[in-house]
There are 2 protein chains.
Amino acid sequence: MSSNQKIDKRIKRTKKALQNALITLMQSHDFKAITITDIVEHADYNRGTFYKHYKYKEELLEDIIEEVIKDLVDSYRQPYQHTDSLTFNSLSASAVKIFEHVYAHANFYQLIIQSNALPGFHKRITNELKKLPLQDLAEIEPSPDIDPELHASYQAYAIFGMIMEWGEGGFKLTPAYMADQLLEMLKFSPVNSRFKIRSDLEK
Amino acid sequence: MSSNQKIDKRIKRTKKALQNALITLMQSHDFKAITITDIVEHADYNRGTFYKHYKYKEELLEDIIEEVIKDLVDSYRQPYQHTDSLTFNSLSASAVKIFEHVYAHANFYQLIIQSNALPGFHKRITNELKKLPLQDLAEIEPSPDIDPELHASYQAYAIFGMIMEWGEGGFKLTPAYMADQLLEMLKFSPVNSRFKIRSDLEK
DNA sequence: TTTGTTAGTGAACATCTGTTGAATAAATCT
DNA sequence: AGATTTATTCAACAGATGTTCACTAACAAA
């Protein structure tokens with residue numbers, strides 16, 4: 001039944017204990033300041049046991065992240081399974097689900113942000129980009145040839161940016177509001193909108 | 001004349017040497033695998049000297065990043081200074097300048113990506129978001145109340161996402177193409193576009 | 001050029017790291 | 001159930017870390 005039949009009980013037990021220890025320590029300490037010794041002492045395991053499973057604490061953190069990601073994917077797929085919840089459209093429902101997932105794991109996301117688990121570079125450069133007045137758009141003729149890879153990365157990081165901003169504000173806003181904001185920003189995208197259809201007819 | 005009159009020559013000399021040593025080491029080693037001892041031995045300084053200026057190697061890296069960011073801001077401001085380069089419009093020119101800046105520092109950006117200086121979380125979650133088919137948009141009525149903070153973060157991370165995608169592809173694409181792609185994606189934004197004006201008239 | 005200030009040196013220290021080996025405990029398998 | 005496999009322990013190791021100290025060398029200001 002369960003997805004992991006062959007994994008040794010001891011391994012699961014140990015990994016969970018180490019994960020919990022790290023999470024607990026991250027509540028009060030900067031990620032960088034937490035030592036392997038801290039983790040194993042807090043979890044009451046031998047230091048060698050840690051190294052049997054992980055190379056460094058970042059790897060342990062990634063295990064924790066992996067579980068949260070799993071829930072994110074599940075959350076996203078929910079609207080497609082329960083058609084009754086499709087009040088608006090599928091994207092709107094998915095967007096809500098994504099932000100609801102983050103909201104449900106707000107403690108975790110805030111922990112990641114607070115404990116400086118994600119370091120300086122992307123934060124530094126995106127903060128600088130934020131200052132630049134890129135909002136002022138101009139009129140250009142439409143053209144549909146957008147690189148799908150670039151577009152996917154653009155969209156992914158954009159949503160990630162919304163989550164970061166949300167988290168730095170302490171997750172005060174509601175998931176529904178966040179989803180609405182995302183839809184507002186996406187609204188005029190040509191892909192499936194009436195504008196795209198209209199410009200297609202113009203050809 | 002110079003912006004830093006009061007800073008001791010020795011400090012500048014030492015910091016530059018340490019920065020260069022780290023950059024050199026990052027060419028061939030994973031960031032995490034580089035030790036403080038490696039850096040000071042390569043720069044031929046005492047280990048205590050390192051700790052006089054930096055707490056950990058991440059702080060040293062941030063100093064390097066700071067210089068690149070400075071160039072990014074300068075690059076962005078260029079179009080506003082030289083009006084002759086405004087072939088299209090200000091945003092288009094700014095976008096080109098940003099991507100030209102990245103292209104000029106492609107070695108640095110690739111170094112950051114390759115050496116895993118930015119760790120798992122944002123990469124992991126955004127890669128997952130990329131898989132979700134968020135591209136399929138739906139028709140909704142326009143409304144202009146977008147949170148400026150959220151929008152700024154959205155845009156900043158979106159562009160950062162383009163740069164990451166670009167870098168992971170080895171910076172094969174040209175800066176002009178990247179700028180064009182950005183403009184394509186922004187094109188239908190309501191803020192200043194003809195669509196916005198049209199929908200305003202509909203009221 | 002002298003004087004006060006501070007960066008860099010070298011050495012020492014306790015602690016943490018990453019790895020290893022043999023012994024023990026707990027799991028899995030038949 | 002017993003036999004086999006393997007996770008965990010404990011101890012030990014060399015190397016790296018982060019900090020401190022007195023010493024010197026280089027700098028800035030007058």
Side-chain angles (χ1 to χ4, degrees), chain A residues 1-64 66 115-117 119-120, chain B residues 1-64 66 115-117 119-120:
Chain A
M1 291 297 140
S2 178
S3 58
N4 33 17
Q5 299 117 334
K6 298 182 179 180
I7 295 158
D8 198 305
K9 280 181 182 179
R10 293 168 291 182
I11 296 178
K12 283 199 285 185
R13 196 188 305 142
T14 304
K15 284 192 170 184
K16 255 284 161 280
L18 293 174
Q19 287 169 21
N20 290 335
L22 178 56
I23 288 174
T24 304
L25 289 167
M26 279 174 71
Q27 320 267 9
S28 49
H29 296 79
D30 198 88
F31 183 75
K32 195 181 302 304
I34 300 168
T35 69
I36 312 288
T37 307
D38 287 337
I39 297 169
V40 293
E41 276 181 357
H42 198 277
D44 202 35
Y45 274 83
N46 190 273
R47 202 160 51 84
T49 308
F50 176 95
Y51 287 106
K52 189 142 276 180
H53 298 294
Y54 303 107
K55 280 183 86 171
Y56 18 72
K57 50 185 176 168
E58 281 81 1
E59 228 172 72
L60 171 58
L61 180 63
E62 277 176 20
D63 255 20
I64 299 170
E66 207 55 38
S115 189
N116 289 328
Chain B
M1 291 296 140
S2 177
S3 57
N4 33 16
Q5 299 115 336
K6 301 182 178 180
I7 296 158
D8 199 305
K9 281 180 183 179
R10 292 168 292 182
I11 297 177
K12 283 199 284 186
R13 196 187 305 141
T14 304
K15 285 192 170 184
K16 255 282 164 282
L18 293 173
Q19 287 169 22
N20 289 336
L22 177 56
I23 288 174
T24 304
L25 289 168
M26 279 174 73
Q27 321 268 10
S28 48
H29 297 80
D30 197 87
F31 183 75
K32 195 181 303 303
I34 300 168
T35 69
I36 311 287
T37 307
D38 286 338
I39 298 168
V40 293
E41 276 181 358
H42 199 277
D44 202 35
Y45 275 83
N46 191 273
R47 202 159 51 84
T49 307
F50 176 94
Y51 288 106
K52 187 144 280 180
H53 299 293
Y54 303 105
K55 280 183 85 170
Y56 18 72
K57 50 185 175 168
E58 281 81 2
E59 227 171 72
L60 171 58
L61 180 63
E62 277 176 19
D63 255 19
I64 299 169
E66 206 55 38
S115 190
N116 288 328

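Chain A is the first sequence line, chain B the second, and so forth, proteins listed ahead of strands; every chain is numbered from 1. All heavy atoms count here, side chains included; hydrogens, waters and symmetry mates do not.
- Closest to the side chain of Ile11(A), from the set dA16(D), dT9(C), dA7(D), is dA7(D).
- Residue Lys9(A) is classed as a sugar-phosphate contact, given heavy-atom separations below 4.0 Å to backbone atoms only.
- The nearest whole Å value for the distance from the CG atom in Asn46(B) to the P atom in dT19(D) is 15 Å.
- To the nearest angstrom, C1' of dG18(C) lies 14 Å from CD of Glu58(A).
- Considering only the side chain of Thr35(B), dT17(D) comes nearest among dT9(C), dT17(C), dT17(D).
- Spacing between atom OH of Tyr54(B) and atom C1' of dT17(D) amounts to 18 Å, rounded to whole angstrom units.
- Mapped onto DNA chain D by nearest heavy atom, Lys52(B) and Lys55(B) fall at different nucleotides, with Lys55(B) at the one closer to the 5' end.
- Rounded to whole Å, atom C1' of dT17(D) lies 14 Å from atom CG of Asp38(A).
- Nearest to the side chain of Arg47(A), among dA12(D), dA26(C), dT17(D), sits dA12(D).
- Comparing dT9(D), dT9(C), dG18(D) by their nearest atom to the side chain of Tyr51(B) picks out dG18(D).
- Between Lys16(A) atom NZ and dA7(D) atom C1' there is a gap of 18 Å when expressed in whole angstrom units.
- Residue Thr49(A) places none of its side-chain N or O atoms closer than 4.0 Å to OP1 or OP2 of dA7(D).
- As judged by a 4.0 angstrom heavy-atom cut-off over every strand, Tyr56(B) is placed among residues making no nucleic acid contact.
- Here the nucleotide nearest the side chain of Asp8(B), chosen from dT9(C), dA7(D), dC27(D), is dC27(D).
- Between the side chain of Arg10(A) and the base of dA27(C), no donor-acceptor pair of N or O atoms lies under 3.5 Å.
- Between Tyr45(B) atom OH and dA26(D) atom C1' there is a gap of 11 Å when expressed in whole angstrom units.
- As a whole-Å value, the separation of Lys12(B) NZ from dA26(D) P is 18 Å.
- To the nearest angstrom, C1' of dT17(D) lies 12 Å from NZ of Lys57(A).
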